[in-house]
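Encoded as structure tokens, the structure appears first; notes follow it.
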Amino acid sequence: MAIKADYHMHSSFSGDSAAPMEEMAKRALDLGLTHICFTEHYDPDYVYPPEEEGMFELNTDSYLYELLKCKNNYNGQLEIAFGVELGLQPHLKRQLAVYAKSHAFDFIIGSSHICNRKDPYYPDFFEGRNEDEAHHEYFASVLECVKTLPYFDVYGHLDYVVRYGPTKNDGYTYQKHADIFDQILSLLINNEKGIELNTGGFRSGLNQPNPCIEILKRYKELGGEIITVGSDAHEPKDIAADFDKACDILKECGFSYYCAFQNRIPEYFKL
């Protein structure tokens, strides 16, 4: 396995995972990884269904305490970075600015889980319109986040919305939304922000990563170089899932390197 850094994973400190951090780290070491980053969810003002109230709140101090213990246990064997996945919404600009500076994070993923007060994870986001219209609304909200919220290092699963539509990514292409994607990617590049290749798309039945290969290729064509690879694992069995596919895709798109982060600074590793 050429890619040795999984830079998107969750433990029991994220409300949608029950995995002990120690078990995640052990699995990563067993797989031969050299670098991992826990990116626990911090998604303020998330719009919760009644049964999930508070799921994406994060006790960052408790999380950091456990992570430091885990780092010590694997010292010299596995580099464990302190990360967070910020749920981006434009009206949270001040709150996210304060939070991003509140701890010495190694890495921050910015992700769009909420679009105009709805999460595409739930079917009602797509009701009453076709998927192209739903996708366009989501990508327009991503563009607004990129314009107004600089408090991240890479944008996570850039086309997250396609995982959950009625037909998933059937009929979905970069070309249908090229104008808005090019604005997003150009802004990210100009602001020295990266994107991730998130292999969770394969597990969601897309037969593609998030974002899709066309977007990864376009990011490279426009001059993008900062790219991390993440499994989006919420349990040990999914760590580094489909990383061999990810390596082939990155090479196909023209990349020679992938990144890991420490102290918010990218380090480049040859594929």
Side-chain angles (χ1 to χ4, degrees), residues 8-10 13-17 39-60 63 83-100 102 105 107-166 168-169 172 177 180-181 183-185 187-188 191 193-196 198 200-201 203-204 206 210-212 215 230 232 234:
H8 191 152
M9 65 172 63
H10 300 273
F13 286 94
S14 290
D16 54 357
S17 172
T39 52
E40 309 296 3
H41 286 294
Y42 178 73
D43 224 315
D45 201 25
Y46 184 85
V47 183
Y48 291 101
E51 68 277 9
E52 295 180 357
E53 190 69 33
M55 175 179 283
F56 296 125
E57 297 172 6
L58 176 62
N59 185 328
T60 311
Y63 158 43
V84 68
E85 184 176 8
L86 291 186
L88 302 181
Q89 297 186 68
H91 70 281
L92 298 175
K93 183 174 183 177
R94 180 172 177 78
Q95 183 174 347
L96 295 179
V98 170
Y99 182 78
S102 67
F105 293 109
F107 180 58
I108 298 179
I109 298 174
S111 293
S112 290
H113 298 122
I114 295 292
C115 169
N116 297 327
R117 311 306 294 152
K118 289 185 177 181
D119 187 338
Y121 179 84
Y122 298 101
D124 64 339
F125 183 80
F126 297 90
E127 289 175 358
R129 55 185 172 166
N130 65 46
E131 281 172 282
D132 286 344
E133 293 169 331
H135 292 166
H136 182 82
E137 180 187 353
Y138 179 84
F139 299 137
S141 75
V142 170
L143 178 59
E144 184 63 24
C145 287
V146 172
K147 287 178 176 178
T148 59
L149 301 169
Y151 317 113
F152 61 89
D153 303 307
V154 306
Y155 217 99
H157 43 53
L158 195 58
D159 55 6
Y160 163 89
V161 65
V162 303
R163 288 184 184 178
Y164 304 111
K168 294 192 179 288
N169 59 344
Y172 158 71
H177 309 279
I180 197 165
F181 275 134
Q183 292 181 69
I184 291 168
L185 296 175
L187 279 168
L188 289 170
N191 292 324
K193 307 297 183 184
I195 62 174
E196 71 164 353
N198 185 306
R203 299 195 303 280
S204 298
L206 303 181
N210 296 112
C212 66
I215 295 175
D232 212 344
H234 289 65

inquiry  = Can you tell me how the ring of Y99 sits relative to the ring of F105, calling it parallel under 30°, perpendicular over 60° and tilted otherwise?
reply    = tilted

message = Quick check: do P44 and L96 have side-chain heavy atoms less than 4.5 Å from each other?
response = yes

ask   = Roughly how far, to the nearest 0.5 Å, is CD of Q95 from OG of S102?
value = 10.5 Å

key: Salt-bridge contact R129-E137 (side-chain N to carboxylate O under 4.0 Å)   = yes

query = Side chains of E196 and H8: donor-acceptor distance under 3.5 Å anywhere?
reply = yes

inquiry  = Can you tell me if Y122 has over 12 outside heavy atoms packed within less than 6.0 Å of its OH?
reply    = yes

remark   = Rounded to the nearest 0.5 Å, the CG atom of N59 sits from the CD atom of E40 at a distance of 11.5 Å

task = Would you indicate whether the side-chain heavy atoms of I184 and Y155 approach each other to under 4.5 Å?
result = no

request  = Give a yes or no on this: more than 12 heavy atoms of other residues, nucleotides or ligands lie within 6.0 Å of atom NZ of K193.
outcome  = yes

ask   = Where the side chain of K118 meets the backbone of F125, is there a donor-acceptor pair that is under 3.5 Å apart?
value = no

Atom pair OG/CG of S141 and N116 - distance to nearest 0.5 Å = 6.0 Å

inquiry  = Within the 4.5 Å heavy-atom criterion, are P166 and E131 side-chain neighbours or not?
reply    = yes

key: Short side-chain to backbone donor-acceptor contact, S14 and H10, under 3.5 Å   = no

ask   = In terms of the angle between their ring planes, are F56 and H113 parallel, tilted or perpendicular, with boundaries placed at 30° and 60°?
value = parallel

request  = State, yes or no, whether a side-chain contact exists between H41 and E57 at a heavy-atom distance under 4.5 Å.
outcome  = no

message = Looking at every non-hydrogen atom in both residues, tell me the closest pair between I114 and V47 and how far apart they are.
response = CD1-N, 3.9 Å

query = Within a radius of less than 6.0 Å around CZ of R94, do more than 12 heavy atoms belonging to other residues, nucleotides or ligands occur?
reply = no

task = Please report the C-alpha distance between L143 and L187 in whole Å, then the side-chain angles of each, then the deciding distance to 0.1 Å, and finally whether the side chain to side chain contact (heavy atoms under 4.5 Å, CB included) criterion is met.
result = CA-CA 9 Å; L143 178 59; L187 279 168; 3.7 Å; yes

Pair T148-E144, side chain to side chain contact (heavy atoms under 4.5 Å, CB included): steps then yes or no = CA-CA 6 Å; T148 59; E144 184 63 24; 3.4 Å; yes

task = Would you name the heavy atoms of T39 and Y63 that are closest together and state the gap between them?
result = N-OH, 4.2 Å

task = Would you name the heavy atoms of L149 and K93 that are closest together and state the gap between them?
result = CD2-CA, 3.5 Å

message = Within the structure provided, determine whether I109 and V84 are in side-chain contact (heavy-atom separation under 4.5 Å).
response = no

request  = Return the orientation label for the Y172 and F181 ring planes: parallel under 30°, perpendicular over 60°, tilted otherwise.
outcome  = perpendicular

query = With a 4.5 Å heavy-atom cut-off, do V161 and F139 have their side chains touching?
reply = yes

request  = Search all heavy atoms of L92 against all heavy atoms of G87 and return the closest pair with its distance.
outcome  = CD1-O, 4.2 Å

key: Passing option when N210 is tested against N198, N169, D159, D232 for side chain to side chain donor-acceptor pair (under 3.5 Å)   = D159

task = Report yes if the distance between the aromatic ring centroids of Y164 and Y160 is under 6.0 Å, otherwise no.
result = yes

inquiry  = Evaluate H157 against S111 for side chain to side chain contact (heavy atoms under 4.5 Å, CB included), listing each step before the verdict.
reply    = CA-CA 7 Å; H157 43 53; S111 293; 3.5 Å; yes

query = Hey, are the side chains of H234 and M9 touching, using non-hydrogen atoms and a 4.5 Å cut-off?
reply = no

ask   = Can you tell me how far the CG atom of D119 sits from the OH atom of Y48, to the nearest 0.5 Å?
value = 11.0 Å

message = To the closest 0.5 Å, what do you measure between CG (N191) and NZ (K147)?
response = 12.0 Å

query = Are any of the side-chain heavy atoms of V146 and L188 separated by less than 4.5 Å?
reply = yes

query = Atom NE2 of H135 and atom CG of N130: how far apart are they, to the nearest 0.5 Å?
reply = 9.0 Å

request  = Give the minimum heavy-atom separation between V142 and S112, together with the two atoms involved.
outcome  = CG2-OG, 3.7 Å

key: Non-hydrogen atoms of F13 and L58 that approach each other most closely   = O-CD1, 3.4 Å

